[in-house]
Amino acid sequence: MGVVTTGPAAPGIRREHLHASVSDPVLDTMNFLNEVTMRFPDAISFAPGRPYDGFFDLDEVNAYLRRYLDHLAELGRSPEELRSAVFQYGPTAGSIREIIAESLHVDEGIVAEPESIVVTVGAQEAMVLALRALISSRDDVLLAPAPCYVGIIGAARLFDVRMATFAEGPDGLRCADVEAAVLEQRAAGRRVRLLYLVPDHSNPLGSTIDLATRHEVLELAERLDFHILEDSPYRLVSAGRQLPTLKSLDAARRVVHLGSFSKTLFPGARVGFAVADQTVVGADGRSGLLADELGKIKSMITVNTSSLSQAVVAGMLLASGGGAARRNGEAAKRYGNAMDATLRELEHRFPAQRRRAVGVEWNRPTGGFFLTVTVPFAADDRALERSARRHGVIWTPMSYFYPDGGGDTAMRLSVSYLSAAEIVDGVARLARFVDDELEG
Ligand SMILES: Cc1ncc(COP(=O)(O)O)c(C=O)c1O
């Protein structure tokens, strides 16, 4: 990693005087991946969880902005109000909450009052707000499956949130493991406040929680008194019928649902949201919504989500019947084809007998952007560097997604960003890399 030293030696700042999170390897993982990607620009990269570039059209941005402004004008807003809707600071909780509530209804069958929604700078900020609000003492615990999304691990590290994990095995999430982990924390005098889950086509595993387990985990949250952070950005970019969200099944309001438009619309908008419809009661007996509390925290972090970005996102939703699902049919098909092509090429390069002989295996997700390949050697940063340098192929070490260590011999492949030809070439390169490591 590049270290810049210029000018005469100044006393400088000692790293150990900074917050511990800046020395945490988790916060460096994305930098390392970016650095490898920049050093080997011709490599085929299965690393980024980005949507496919081919869906973006610069000319449409103006049209969507216009669509939203026309919508405001139809609601009777004056030209001055339209101007401020784009140029001014906006309400902390967001200016497009009604439109997002409608999209949740259209896309997901979730009935959410606009007041229960906070529009955030991506789902990432929504995670930060939820952790800040719901984790109130050193004995409060964030529980998550291992492996889990690096963004929640990093957010926990920023706030010194104690994190506990349970293993997610090849057959997916098991409620018995969740229950055992909650009880283990209790026995140690701590309290699991939040369970973080990506129920659909998770990042990094690509796994999906079945319907019976969704009901079971909601029942468990009620019985053992914790809340669930449901983060599901890959549903609408996956082909076929999706299972109901936890939020749509959440009669007891145990679920804080995190939304993201990064994969369904465009990540450059940096627009996401939280649905936090839980009642919060004060010592004085007065009550409000958890969303109000998240809004207070947001007011001291990002003040409000970009008004301009919200306007474009709202225009896109309005232009596609109020939801994001309709405009994602083609994308979902494309990503489904990319996943099929990757699985097919893996099968071609590692037929059953060969992969059993050498100890290579992978899972077969039904949607989303990611799958996992297990190999019989350390798939660490050094292996990644060799893979990029000698074979021109980049992937993500799975160990990045294990807060307590693990995943040392597995790699995450993302299929979303590559063309069909790149997938064929990329898997061939990966096979050559594996061969090389085995001969080692
Ligand atoms: C599981 C998961 N949650 C959240 C995010 C981040 O979403 P956003 O871009 O809305 O911050 C990602 C992005 O890759 C993700 O995979």
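Numbering of ligands and ligand atoms starts at 1, following listing order. The analysis underlying the following values was restricted to heavy atoms, covering all of them including side chains, and did not include hydrogens, waters or symmetry mates.
Evaluation of the salt bridge (charged side-chain N to carboxylate O under 4.0 Å, His left out) test over residues 371-400, restricted to residues two or more places apart or in two chains, returns Arg39-Glu385, Glu385-Arg389, Arg386-Glu437, Arg390-Asp436.
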Where does ligand 1 get N/O contacts under 3.5 Å from the protein, atom by atom?
from: ligand 1; atom 1: 3 (N); to: Asp231; atom 2: OD1; distance (Å): 3.3
from: ligand 1; atom 1: 3 (N); to: Asp231; atom 2: OD2; distance (Å): 2.6
from: ligand 1; atom 1: 9 (O); to: Ser262; atom 2: OG; distance (Å): 2.6
from: ligand 1; atom 1: 9 (O); to: Arg270; atom 2: NH1; distance (Å): 2.8
from: ligand 1; atom 1: 10 (O); to: Ala123; atom 2: N; distance (Å): 2.7
from: ligand 1; atom 1: 10 (O); to: Ser260; atom 2: OG; distance (Å): 2.6
from: ligand 1; atom 1: 10 (O); to: Ser262; atom 2: OG; distance (Å): 3.2
from: ligand 1; atom 1: 11 (O); to: Ala123; atom 2: N; distance (Å): 3.1
from: ligand 1; atom 1: 11 (O); to: Gln124; atom 2: N; distance (Å): 3.0
from: ligand 1; atom 1: 11 (O); to: Arg270; atom 2: NH2; distance (Å): 3.0
from: ligand 1; atom 1: 14 (O); to: Tyr234; atom 2: OH; distance (Å): 3.3
from: ligand 1; atom 1: 14 (O); to: Lys263; atom 2: NZ; distance (Å): 3.0
from: ligand 1; atom 1: 16 (O); to: Asn203; atom 2: ND2; distance (Å): 2.8
from: ligand 1; atom 1: 16 (O); to: Tyr234; atom 2: OH; distance (Å): 2.5

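One finds no salt bridge joining Arg191 and Asp225 here, because no Lys/Arg side-chain nitrogen approaches an Asp/Glu carboxylate oxygen to under 4.0 Å.
For Asp425, the salt bridge (charged side-chain N to carboxylate O under 4.0 Å, His left out) partners two or more places apart in sequence, or in a different chain, are Arg429. Listed by chain and number, the residues in a ring pair (Phe, Tyr, Trp, His ring centres under 6.0 Å) with Tyr68 amount to none (sequence neighbours excluded).
Residues Phe32 and Tyr400 keep their aromatic ring centres 6.0 Å or farther apart.
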Take Ser95 and Gln310, measure what side-chain hydrogen bond (donor to acceptor under 3.5 Å, both in side chains) needs, and give me the verdict at the end.
CA-CA 7 Å; Ser95 45; Gln310 289 188 73; 3.3 Å; yes
